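Reading through the C-alpha cells given below for one structure.
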Amino acid sequence: MTMRTVAIIQARMQSRRLPGKVLMPIAGKPLLQFLVERLRQARSLDGIVVATGDVPANRPILELASTLGVPSVVGSEDDVLGRYLKAARQVRAEVIVRVTADNALTDPEVLDMLVKERAAHGADLAVACDLIDGAGSEVTTLDALRRAEQAATTPAHREHVTLVMKEHPQQFRIVTWKAPTPTPPAACSVTVDTPADLAKVRALCAGNESECLRWRGSDIVRRLEAVQRAVEVLAPLEQSGWGGDSAMSLEAAERLVQLKLARDGSSLVLTGSPDGEGAAILRLLSFDSEIYGWPMAELVAFTDPSDEILDEVIAEARRRGISHLHYRVPTEDVIHRRQAQRRGFQVMTTFLGLRWAVSVHAVAPAHDDVLVTSARPQDAPMLDTITAEAFAAGTRFHADPNLPVEGTRRLHLRWIANCLNGSAADVVRVARAAGRPVGYVTMRREDALSEALGCEIGSIGLLAVARGWRGRGIGTVLLGTAKRWAIERGLAQLEVGTEATNIAALTLYEANGFQRVQAKYSLHLTLRLAADRSTVMPVRELEQSPHALIGSRISLRPLTEADVTVRYLGWLNDATVTRYLEVGKRPMTLDDIRAYLERFRESTTHRIFAIVENATCRHIGNVTLNNINRQTGTADTGLMIGEKDCWGKGYATEAWSLLCAYAFSRLELRQIIAGAVVDNLPSIKTLEKLGFQPEMRQSRLVGGAVWETVRFSLRQERFQPVSVADGVGV
C-alpha cells in the first residue's frame with residue numbers, strides 16, 4: 001500500500017540575514033508561491049503544507065498559503081522539529097518531504113527520485129549528493145521524526161530537522177542518491193539566505209519567467225556554467241568598462257556580465273583573447289521577440305571587438321534564426337560604427353543616458369492642481385492611453401522601417417503593464433488632476449548594476465504626461481517624486497535614458513539636475529524579414545489583456561466599472577444620443593449600467609469596449625462585439641458615440657475599423673453583422689466605407705414604434721481598414 005507523501009515547507013518571516021525573504025518576489029511572484037508552483041510539478045506528492053512559527057510576524061505567510069489553496073500549520077517558532085511533527089500529524093503524512101522556503105529552485109524531479117529511493121531501501125532518510133545547493137530536498141518518515149524528537153538533546157537538533165539522524169547513522173538508516181550529472185565546482189548555490197543570494201536568483205530568473213518554473217537542476221547548472229565561461233573569457237582583458245562606462249572596473253564588469261547572462265538567457269561569450277582583441281556576446285531579447293513575433297537579439301561588445309568577432313556573432317545570430325540584431329556603439333567611436341555599417345547595420349537613433357547623483361537635499365516640487373499617488377488597478381486603461389500617445393514616435397523601433405508600427409505600440413503598452421504588475425518596476429506613481437491620471441513615472445532598483453558596482457543604483461523606466469497637460473509642470477513634479485523615492489530607498493544614483501531627438505525630455509531631465517553620461521548610436525541589422533511585414537503576431541488576445549487597441553485619434557479598451565459615471569449616464573438618458581439605439585427603459589440609473597456591464601463580464605460571447613479620444617483621454621462612447629461564434633466565424637456589432645462634440649469627426653469609422661481588425665485577425669472571424677435604421681445616414685455611410693454590404697431591410701417593433709432597419713454584413717476579404725477617418729461619422 002502506498003504511503004501518504006506530503007511536502008512540508010518550513011517558512012518564517014524573521015530570518016536573521018534577510019527578514020521577510022519568503023514573500024520577496026522572484027520572477028514576479030512571492031518566493032513562497034514560486035516554490036509551491038514548482039513543487040506542484042512533483043508526481044510523488046499527495047499534498048503540500050506550509051509550517052510556520054507561532055509569532056504575529058508570520059501572519060502574511062498564512063494569508064498567502066490560504067490564497068494559494070495550501071493548508072498551513074502553526075507551531076513553535078524555534079522548535080522546527082516539533083513543528084514538522086505537528087504538521088505531519090495534522091495532514092496524516094506518513095512520508096515527509098522536507099523543503100525549506102529559502103530553496104525557491106527546489107527540483108521536483110529530484111524530489112520524486114528521493115521518494116522512490118527511500119521507499120526502495122526502506123530508509124529513514126533519503127538525501128542527495130552532487131546536486132547544486134538550493135535545488136534539493138530531504139525525504140523522511142513520521143516514525144523517523146518521532147524517534148529523532150526523542151533523541152534530540154540540543155537546540156540545534158530542534159532547529160535542523162534531520163540533524164539528529166545524520167549525527168546517529170547507527171540508529172537511522174540513511175540512503176544517499178547521487179545526481180546523474182555532478183555539479184561543477186564553479187557553480188554556486190541558489191539558496192536564498194542573504195540579499196546577494198536573492199539578487200542572484202532574481203537575476204537568474206528575470207527575463208525567463210515562463211521557463212524558470214520548469215527548470216531542473218541540470219538547467220540551472222548549464223546557465224551557471226555559461227556565466228563561468230563568460231568570466232574566464234573576460235578576465236584576461238585589460239581594458240575596463242561595461243557599455244563604455246569608464247567608472248566601472250573590469251571586476252565589476254565581470255560580475256555584471258554574470259548577472260546579465262544569467263538574467264537574460266544570452267548565449268555564452270563567443271570569443272575573446274588575452275591580447276586585448278575583445279569579446280562579445282549575443283543576448284537574446286525575449287521581450288522584444290514576444291512582442292513582434294520575430295526572433296530578436298542584441299550584440300553586446302566588451303572592449304574593442306575585432307572584425308572576426310563581429311562576423312562570428314552575426315554568424316551565430318543567423319544560425320539561431322535571429323531576424324533583427326540591435327547594437328549600440330558610443331557616438332565618439334567612429335571606427336566601430338563604420339565597422340558595423342560595413343556589415344549592414346544602419347543607424348536608427350542616438351540614445352542618451354543621464355544620471356542624477358542622489359542628494360538628500362533635493363526637494364520634490366508641488367503643484368496646486370496635481371496630486372501624486374501610487375498607481376491603482378483601475379488606472380490601467382488611462383495609463384494605456386497616456387502611454388500610446390506619449391510613445392507614438394521617435395524611438396529606435398519607430399525609426400526601423402522593417403518593424404511594424406502596431407508592434408511598437410504594443411511594446412510600450414506591454415511595458416507599462418509589466419510596470420504595473422511589478423515585473424518591470426518596483427514603483428509606479430501617478431499624477432492626478434480632477435481625480436483622473438494625467439501622467440506617471442516608473443522606478444526600479446537595478447539589481448544587477450547595484451550588485452556589480454557595490455552601490456545602490458535606481459532607474460526611471462517610463463515617464464509620460466497626457467497630451468493636454470504637457471508644458472504645465474507635471475513632468476517636473478513626477479521627476480521630483482522619483483527623486484524622493486531614490487532618497488527613501490537610500491540609492492546613490494538615479495539613471496534615465498531617452499533619444500537625442502526628444503528635446504522636451506532632455507530639457508526636463510537636465511533642468512532637474514540629471515547629467516549626460518553616455519551617448520550611443522542605436523544600430524539595427526535585419527538578417528531575415530518576416531514572412532508578412534504588414535502584420536504582427538498577437539502576443540495574446542485582448543480579452544486576456546487590459547491593453548488598448550490604438551488608432552490614430554481614438555483607442556479601444558475594455559469597458560470597466562471606472563467608466564460608469566454620471567456623464568455616461570447622461571448619454572443614455574439623452575434622446576438625441578439614443579435616437580437610433582435600443583436602450584430599454586428610461587430614465588436609466590448607474591445601477592442599470594453596472595448590471596449591463598456585469599453581463600458582458602460574465603459572457604464568453606460578448607465584448608464591450610470603451611472608445612477613448614487620444615488627445616483628451618476622454619471616454620466618448622462604446623462599441624460592442626456580440627454573439628461571437630468561433631465555429632461559424634460570425635459576430636454582430638453596435639456602436640454609440642455619446643459625446644456630441646465628437647460627432648461628425650470620423651471617430652465611429654476608426655472605432656469600427658479597429659474592432660473589425662481585431663475580430664478578423666485575432667479572433668479569426670469570417671463575417672461581422674451590423675444594423676442601421678434607414679434614416680441614420682451617417683452610420684450607413686460609415687459601414688459602407690469599411691466594406692459592409694446591405695443584405696436586407698427589416699421591420700422591427702421597438703418601444704411601441706416600428707423601425708425600418710437595414711442589415712449589413714462584412715466578410716473578411718472585403719474589409720477596408722481605416723487608420724485616420726476623414727469621412728462621415730456618428
Side-chain angles (χ1 to χ4, degrees), residues 28 206-207 285 287-288 290-291 349 351-356 364 370 372-377 379-398 407-432 436-447 449 457-467 469-470 474-486 489 491 493-509 512 514 522 539 545-548 550 555 557 614 617:
L285 300 174
F287 179 80
D288 300 37
E290 182 186 4
I291 293 296
T349 58
F351 176 85
L352 300 179
L354 301 97
R355 180 179 298 159
W356 178 64
V370 174
V372 178
T373 67
S374 297
R376 301 186 297 237
D379 293 331
M382 190 65 75
L383 298 192
D384 275 354
T385 302
I386 295 173
T387 300
E389 64 184 27
F391 301 101
T395 70
R396 64 181 176 88
F397 300 100
H398 290 99
T408 301
R409 289 171 175 167
R410 185 159 47 238
L411 181 142
H412 288 96
L413 288 174
R414 175 67 73 86
W415 192 353
I416 182 58
N418 286 349
C419 290
L420 290 171
N421 67 31
S423 62
D426 297 330
V427 175
V428 180
R429 295 281 189 259
V430 177
R432 305 178 192 279
R436 63 189 303 170
V438 296
Y440 67 83
V441 62
T442 74
M443 298 85 76
R444 68 180 297 174
R445 178 188 182 272
E446 293 297 332
D447 294 336
L449 197 55
I457 309 294
S459 68
I460 295 173
L462 294 171
L463 190 152
V465 177
R467 187 174 297 163
W469 285 83
R470 294 174 190 170
I474 306 300
T476 300
V477 171
L478 290 171
L479 269 187
T481 300
K483 287 182 175 183
R484 186 166 56 247
W485 170 81
R489 284 293 306 267
L491 303 183
Q493 298 174 359
L494 187 61
E495 301 187 342
V496 70
T498 189
E499 305 295 345
T501 54
N502 194 343
I503 304 302
L506 283 173
T507 302
L508 172 66
Y509 295 136
N512 283 274
F514 283 77
S522 287
V539 178
S545 167
H547 302 324
I550 309 301
S555 302
R557 58 167 173 74
N614 292 341
C617 303

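The first residue in the sequence is number 1, and the count goes up from there. Just so it is clear, the structure is predicted and the values come from calculations on it, not from any experiment.
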Quiz item: Got a second to check how far Phe391's CZ is from Trp415's CH2, nearest 0.5 Å?
Solution: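 Output value for this atom pair is 7.0 Å.
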
Quiz item: Just how far is it from atom OG of Ser459 to atom CZ of Arg355, taken to the nearest 0.5 Å?
Solution: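 The OG atom of Ser459 sits 11.5 Å away from the CZ atom of Arg355.
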
Just so I know, are the side chains of [X] and [Y] near enough to count as touching, which here means a heavy-atom distance under 4.5 Å?
X: Asn512; Y: Lys483; result: yes
X: Ile416; Y: His412; result: no
X: Arg414; Y: Phe287; result: yes
X: Thr408; Y: Thr395; result: yes
X: Leu383; Y: Pro437; result: yes
X: Glu446; Y: Arg444; result: yes
X: Ile460; Y: Phe514; result: yes
X: Leu354; Y: Leu506; result: yes

Practice problem: Please report the C-alpha distance between Ile457 and Glu495 in whole Å, then the side-chain angles of each, then the deciding distance to 0.1 Å, and finally whether the side-chain contact (heavy atoms from CB on, under 4.5 Å) criterion is met. | Solution: CA-CA 8 Å; Ile457 309 294; Glu495 301 187 342; 4.1 Å; yes

Self-check item: Contacts of Arg376 that satisfy side-chain contact (heavy atoms from CB on, under 4.5 Å) - sequence neighbours left out
Solution: Gln378, Asp379, Arg432

Give a yes or no answer on whether the side chain of [X] reaches the backbone of [Y] with a donor-acceptor pair at less than 3.5 Å.
X: Thr385; Y: Pro381; result: yes
X: Thr481; Y: Val477; result: yes
X: Glu389; Y: Arg467; result: yes

Quiz item: Can you name the residues that form a ring-ring contact (aromatic ring centres under 6.0 Å, His included) with Phe351, not counting sequence neighbours?
Solution: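 Result, ring-ring contact (aromatic ring centres under 6.0 Å, His included) vs Phe351: none returned.
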
Quiz item: Does His398 have any ring-ring contact (aromatic ring centres under 6.0 Å, His included) partners at least two apart in sequence or in another chain, and if so, which?
Solution: none

Quiz item: Would Arg429 and Ser374 count as having a side-chain donor-acceptor pair, cut-off 3.5 Å?
Solution: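 Note: Arg429 and Ser374 side chains meet the donor-acceptor criterion.
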
Self-check item: side chain to side chain contact (heavy atoms under 4.5 Å, CB included) partner of Leu463, chosen from Val496, Thr498, Thr442, Leu508
Solution: Leu508

Quiz item: For Arg396, what residues pass the salt bridge (Lys or Arg N to Asp or Glu O under 4.0 Å) criterion, not counting sequence neighbours?
Solution: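 Per chain and number, Arg396 pairs via salt bridge (Lys or Arg N to Asp or Glu O under 4.0 Å) with Asp288.
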
Quiz item: For Asp426, what residues pass the side chain to side chain donor-acceptor pair (under 3.5 Å) criterion, not counting sequence neighbours?
Solution: none

Quiz item: What residues, two or more places apart in sequence or in another chain, satisfy side chain to side chain donor-acceptor pair (under 3.5 Å) together with Thr349?
Solution: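 Testing Thr349 for side chain to side chain donor-acceptor pair (under 3.5 Å), a comparison that skips the adjacent residues, returns Glu499.
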
